[in-house]
Amino acid sequence: MVVVLQPVTLESNVHPVNPKCKPSPVLIPAVDLTDPDAKTQIVKACEEFGFFKVVNHGVRPDLLTQLEQEANKFFALSQSLKDKAGPADPFGYGNKRIGPNGDVGWVEYILLNVNLLLASTKTAAVFRQTPAIFREAVEEYMEEMKGISSKVLEMVAKELMIEPQEKLSELVKVKESDSCLRMNHYPEKDKTPAKEEIGFGEHTDPQLLSVLRSNDTEGLQICLKDGTWVAVPPDHSSFFVIVGDTLQVMTNGRFKSVKHRVLTNTKRSRLSMIYFAGPPLTEKIAPLSCLVPNQEDCLYKEFTWSQYKSSAYKTKLGDYRLGLFEKQLPFSISNV
Ligand SMILES: C=C1C[C@]23C[C@@]1(O)CC[C@H]2[C@@]12CC[C@H](O)[C@@](C)(C(=O)O1)[C@H]2[C@@H]3C(=O)O
Ligand SMILES: O=C(O)CCC(=O)C(=O)O
Ligand SMILES: [Fe+2]
């Protein structure tokens, strides 16, 4: 099964020689996690796109509906009530400002740390404004997302013959795992003439991988290796997996963290929920020795997840964050 993605016809994507030439559609795999061939499809997709769709995932549909309804109710509260849970620091309610370094978008959001649901004052304030059922649904959803991300990582480890086989999945299963959940609400932009604007600017996700689900409103785009942006058709009953920077490092660049962005929709609001599966803060991140037997071939220096996160928070959304952690190879072109 595949998903057909259409290249976005922005000026920069028009064929340089023949501007009328229509860009060809891109086929992204839709992986059924119960398919015996799933692990091969996942690895291929992570190498080619850093992105794939997951179908037949086993998460009960009424949990998705309920969480979506409760999140919509939160975003429908008055601005002054929502602001009681903000500004995001980074957790809690945020509006238009993304991160601490001046990035903005047409989005409001709630960012929650899996282990600090009530320990963070801002997050606790989210749940004070909302019925208990919201927190219960968030907790159940986070457990499901932990399940999907660890399953995907288990399959990756099997296919790449990583030893021990639980090496990757354990990083997100342990209670110290530094995972987050973000709910993004992109209000419809009532504009004449209709004009798309940036909802969430282009970036890669810093963690191991992200599991994304949205309502049926389009807006998400991913960037292919050749720089073409393609629109991802929404599918509210499936999940999309996004490879993050940390998995790029651990696979020594074999998997690429995919650049993605969200454009606003002029007709309907978009609601997305994205789970960022992160390792424990003290975890040492480096290319896995079973994938890179010769130390000299490692493209990245070792760092802890905590170091990477602090460094990421000093960058702007669209910066290439891994640059600081790349090794200077002795015979790279720049050294000749
Ligand atoms: C501008 C920023 C926002 C961000 C932290 C950062 O300094 C750079 C990475 C951003 C990002 C992208 C993926 C996730 O949405 C996020 C929660 C994350 O872990 O890294 C955000 C950060 C954020 O919004 O706080
Ligand atoms: O809202 C979306 O579809 C994507 C959001 C995203 O990329 C993020 O929160 O990091
Ligand atoms: Fe993202």
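In what follows, residues are counted from 1 in the order of the sequence shown. Worth knowing before you read on, the calculation uses all heavy atoms, side chains too, and leaves out hydrogens, waters and symmetry mates. Treat the numbers as computed from the prediction; the structure is a model and nothing was measured. Atoms within a ligand are numbered from 1 in the order they appear, just like the ligands themselves.
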If you have a sec, work out which protein heavy atom is nearest [atom] and how many Å separate them, to one decimal?
atom: atom 4 (C) of ligand 2; answer: V262 CG2, 3.6 Å
atom: atom 14 (C) of ligand 1; answer: F276 CZ, 3.3 Å
atom: atom 10 (C) of ligand 1; answer: L317 CD1, 3.7 Å
atom: atom 25 (O) of ligand 1; answer: Y313 OH, 2.6 Å
atom: atom 13 (C) of ligand 1; answer: D205 OD1, 3.3 Å
atom: atom 3 (O) of ligand 2; answer: R270 NH2, 2.6 Å

task = For D103, counting its heavy atoms only, list the atoms of ligand 1 lying under 4.0 Å from any of them.
result = 1 (C)
ask   = If you count the atoms of ligand 1 from 1 in the order shown, which ones are under 4.0 Å from a heavy atom of I98?
value = 1 (C), 3 (C), 24 (O)
ask   = How about Y308 and F325: are their ring centres within less than 6.0 Å of each other?
value = yes
query = Do the ring centers of F240 and F52 come within less than 6.0 Å of each other?
reply = no
task = For the Fe ion (ligand 3), find the closest N/O/S atom on D205 and give its atom name.
result = OD1
Atoms of ligand 2 close to [X] [distance to a heavy atom under 4.0 angstrom, numbered from 1]:
X: S272; answer: 1 (O), 2 (C), 3 (O)
X: H260; answer: 7 (O)
X: D205; answer: 10 (O)
X: R182; answer: 9 (O)
X: F276; answer: 8 (C), 9 (O), 10 (O)
X: H203; answer: 6 (C), 7 (O), 8 (C), 10 (O)
X: N184; answer: 1 (O), 5 (C), 9 (O)
X: F200; answer: 8 (C), 9 (O), 10 (O)

When you look for heavy atoms under 4.0 Å from ligand 2, do you find them on the side chain of [X], its backbone, both, or neither?
X: L212; answer: side chain
X: R261; answer: neither
X: Y109; answer: neither
X: I242; answer: neither

task = Take R60 and E140, measure what salt bridge (charged side-chain N to carboxylate O under 4.0 Å, His left out) needs, and give me the verdict at the end.
result = CA-CA 10 Å; R60 60 183 182 93; E140 188 179 341; 2.9 Å; yes
Heteroatom proximity flag, A312 to ligand 1, N/O under 3.5 Å = yes
task = Could you tell me whether R182 and ligand 1 have an N or O pair separated by under 3.5 Å?
result = yes
side-chain hydrogen bond (donor to acceptor under 3.5 Å, both in side chains) assessment of H236 paired with N215 = CA-CA 5 Å; H236 68 294; N215 67 356; over 6 Å; no
query = Judged by atom type as modelled, is there a donor-acceptor pair below 3.5 Å linking the side chain of N184 to the main-chain atoms of V107?
reply = no
ask   = Okay, side chain of N294, backbone of E296: is any donor-acceptor separation there less than 3.5 Å?
value = no
key: Residues D297, N252; criterion side-chain hydrogen bond (donor to acceptor under 3.5 Å, both in side chains); working and verdict   = CA-CA 9 Å; D297 297 331; N252 204 32; over 6 Å; no
ask   = Given the rule in the side-chain hydrogen bond (donor to acceptor under 3.5 Å, both in side chains) test, do H260 and D205 qualify, once you have shown the distances and angles that lead to the verdict?
value = CA-CA 9 Å; H260 53 286; D205 291 346; 3.2 Å; yes
key: Gap separating the OG atom of S269 from the CZ atom of F75, nearest 0.5 angstrom   = 10.5 Å
request  = Could you walk me through whether Q248 and S257 pass side-chain hydrogen bond (donor to acceptor under 3.5 Å, both in side chains), step by step?
outcome  = CA-CA 6 Å; Q248 172 167 332; S257 55; 3.1 Å; yes
query = Pick one: which of K167, K173, K39 meets salt bridge (charged side-chain N to carboxylate O under 4.0 Å, His left out) with E154?
reply = K173
request  = Can you establish whether the number of heavy atoms outside W106 located under 6.0 Å from its atom CH2 is more than 12?
outcome  = no
So do [Y] and [X] actually touch side chain to side chain, heavy atoms under 4.5 Å?
X: S238; Y: V54; result: no
X: V55; Y: V31; result: no
X: L209; Y: L153; result: yes

ask   = Between G94, G99, G318, P206, which one has a non-hydrogen atom sitting closest to atom 20 (O) of ligand 1?
value = P206
message = Looking at non-hydrogen atoms alone, which of Q207, H203, R321, K314 comes nearest to atom 12 (C) of ligand 1?
response = H203
query = Rounded to 10 degrees, what angle sits at the Fe ion (ligand 3) between H260 NE2 and H203 NE2?
reply = 90°
